[in-house]
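Below, all heavy atoms of this structure are taken into account, side chains as well, without hydrogens, waters or symmetry copies. Chain identifiers are assigned alphabetically (A, B, ...) following the order of the sequence lines, protein sequences preceding nucleic acid strands; residue numbering begins at 1 within each chain. All values reported here derive from a predicted model rather than from experimental measurement.
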Number of protein chains: 2
Amino acid sequence: MKLTEAQWQIMNALWQNWPATARQIADRLGDEVDWAYTTIKTMLTRLVNKKCVKETKKGNTAVYEPLLTRQNARQNALKSLANQAFDGAFGPLMHFLIEDQKLSDKQKKELLQTLEQGGERN
Amino acid sequence: MKLTEAQWQIMNALWQNWPATARQIADRLGDEVDWAYTTIKTMLTRLVNKKCVKETKKGNTAVYEPLLTRQNARQNALKSLANQAFDGAFGPLMHFLIEDQKLSDKQKKELLQTLEQGGERN
DNA sequence: GAGTTGCTTTTACATTTGTAGAAGATTAGA
DNA sequence: TCTAATCTTCTACAAATGTAAAAGCAACTC
């Protein structure tokens, strides 16, 4: 279930709003990338094969919708990053983010808040 | 500079302690993976080509050391994850981690501490 | 000095990814 | 109904990745 760079872009475009046709996705991606329409089609097909996307037909035209949720994709990505690069735990990852990514004070404050909220919710 | 899964494993083994020979790396990886020695050699060579690792000769034997630091690799990985999956910012990433990864109370407490410390240091 | 051991370099080959052209089917317009 | 615009499916091909066997060279061991 690991997505490649290109696949993330497609998925991001799809998550933005779906169901969507290949053309719509192509349009959404228009600014960011410079892919031929068929390239996008191919990638969609491959994502369908990987069960990340579902394809249905509306007449002649294929309509796509995500099977993999953004949530899930993010979770997987983070998990695999944690595994590969941070000894499998989120702790060190977060630690690294906080210590080394030089959060702005504002960001830190927000984080603190999030943390406290989270504490109450659980 | 993006590392693949397999490359992370090699690099992790190398970061553990270096300079190291291919054999040493193979031994360290022994538990985790089941690769032929030559596979490891090949991967090291490829990492050398990508300038992630430096190779020097000690007699007949190649000795490897990282050129890419773990720090840097982590940074790159996080950055690219943030870009792909979190609209390019660390904020949302962290948010996601905290909100959706269900940190244990202990983890949360640690985090709070880290945050406060960080605050003082900066 | 012949064999075993261990390293190195070379070569190979399947799969996945990035990228897309070509050709065929369909639909919307003139 | 002929045509232009779109879609779709098929096919292609290079680069990267995963995985390693083969063959060659050096060194230790009898």
Side-chain angles (χ1 to χ4, degrees), chain A residues 1-14 18-65 68 73 76-77 80 83-85, chain B residues 1-14 18-30 32-65 68 73 76-77 80-81 83-85:
Chain A
M1 287 305 122
K2 198 173 180 76
L3 303 177
T4 67
E5 172 87 33
Q7 289 171 340
W8 271 101
Q9 293 197 263
I10 301 276
M11 292 305 292
N12 280 330
L14 185 54
W18 48 269
T21 65
R23 176 63 53 188
Q24 290 172 324
I25 291 175
D27 289 346
R28 281 178 213 158
L29 287 173
D31 310 339
E32 300 159 47
V33 301
D34 188 38
W35 290 330
Y37 173 82
T38 47
T39 300
I40 290 170
K41 244 331 222 167
T42 303
M43 295 209 269
L44 279 166
T45 303
R46 289 181 185 167
L47 284 165
V48 168
N49 291 335
K50 291 177 79 174
K51 314 264 186 235
C52 295
V53 168
K54 190 170 99 179
E55 174 182 329
T56 37
K57 279 300 183 71
K58 263 277 184 302
N60 183 43
T61 302
V63 178
Y64 300 93
E65 64 187 284
L68 178 65
N76 294 339
S80 103
N83 277 324
Q84 287 171 180
Chain B
M1 285 309 122
K2 198 172 180 76
L3 303 177
T4 67
E5 171 87 33
Q7 288 170 341
W8 271 101
Q9 292 197 264
I10 300 277
M11 291 305 291
N12 280 330
L14 184 54
W18 48 269
T21 66
R23 177 61 54 189
Q24 290 172 323
I25 291 175
D27 289 346
R28 281 177 212 160
L29 287 172
E32 300 159 48
V33 301
D34 187 37
W35 290 331
Y37 173 82
T38 47
T39 300
I40 290 171
K41 250 320 228 172
T42 302
M43 296 210 268
L44 279 166
T45 303
R46 289 182 185 166
L47 283 165
V48 168
N49 291 335
K50 291 177 78 174
K51 313 266 188 236
C52 295
V53 168
K54 191 170 97 178
E55 174 182 328
T56 36
K57 280 300 183 72
K58 263 278 185 301
N60 183 43
T61 302
V63 177
Y64 300 93
E65 65 186 284
L68 178 64
N76 294 338
S80 103
L81 179 61
N83 277 324
Q84 285 170 181

Select base, sugar-phosphate, or nothing to describe what [X] touches, counting heavy atoms under 4.0 Å on all strands.
X	result
A:Thr61	sugar-phosphate
A:Thr45	nothing
A:Thr21	nothing

Test side chain to side chain contact (heavy atoms under 4.5 Å, CB included) applied to A:Val53 and A:Ile10, step by step
CA-CA 10 Å; A:Val53 168; A:Ile10 301 276; over 6 Å; no
Between B:Gln24 and B:Thr21, is there a donor-acceptor pair closer than 3.5 Å when you use the side chain of the first and the backbone of the second?
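Yes, B:Gln24 side chain to B:Thr21 backbone: donor-acceptor pair under 3.5 Å.
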Taking 4.0 Å as the cut-off, does a side-chain nitrogen or oxygen of [X] come that near to OP1 or OP2 on [N]?
X	N	result
A:Lys41	D:dT8	yes
A:Tyr37	D:dT8	yes
A:Thr4	C:dT17	no
A:Thr42	C:dA20	no

Considering only side-chain heavy atoms of A:Trp35, which listed nucleotide, C:dG18, D:dA20, C:dA20, is closest?
C:dA20
Could you state the atom-to-atom distance from CG of A:Leu44 to C1' of C:dA20 in whole Å?
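After rounding, the reported distance stands at 15 Å.
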Between A:Lys57 and A:Arg46, name the one whose nearest nucleotide on DNA chain D is closer to the 5' end.
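Looking at DNA chain D, the more 5' nearest nucleotide goes with A:Lys57.
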Show which side-chain atoms of residues 44-51 of chain A pair as donor or acceptor with protein atoms under 3.5 Å away, not counting sequence neighbours.
residue	atom	partner	partner atom	Å
A:Thr45	OG1	A:Lys41	O	3.0
A:Lys50	NZ	A:Lys2	O	3.0
A:Lys50	NZ	A:Gln7	OE1	3.4

Under the rule for ring pair (Phe, Tyr, Trp, His ring centres under 6.0 Å), what residues qualify as partners of B:Trp8, not counting sequence neighbours?
B:Trp15
Under 3.5 Å, N/O pairs linking protein and nucleotides 22-29 of chain C:
none

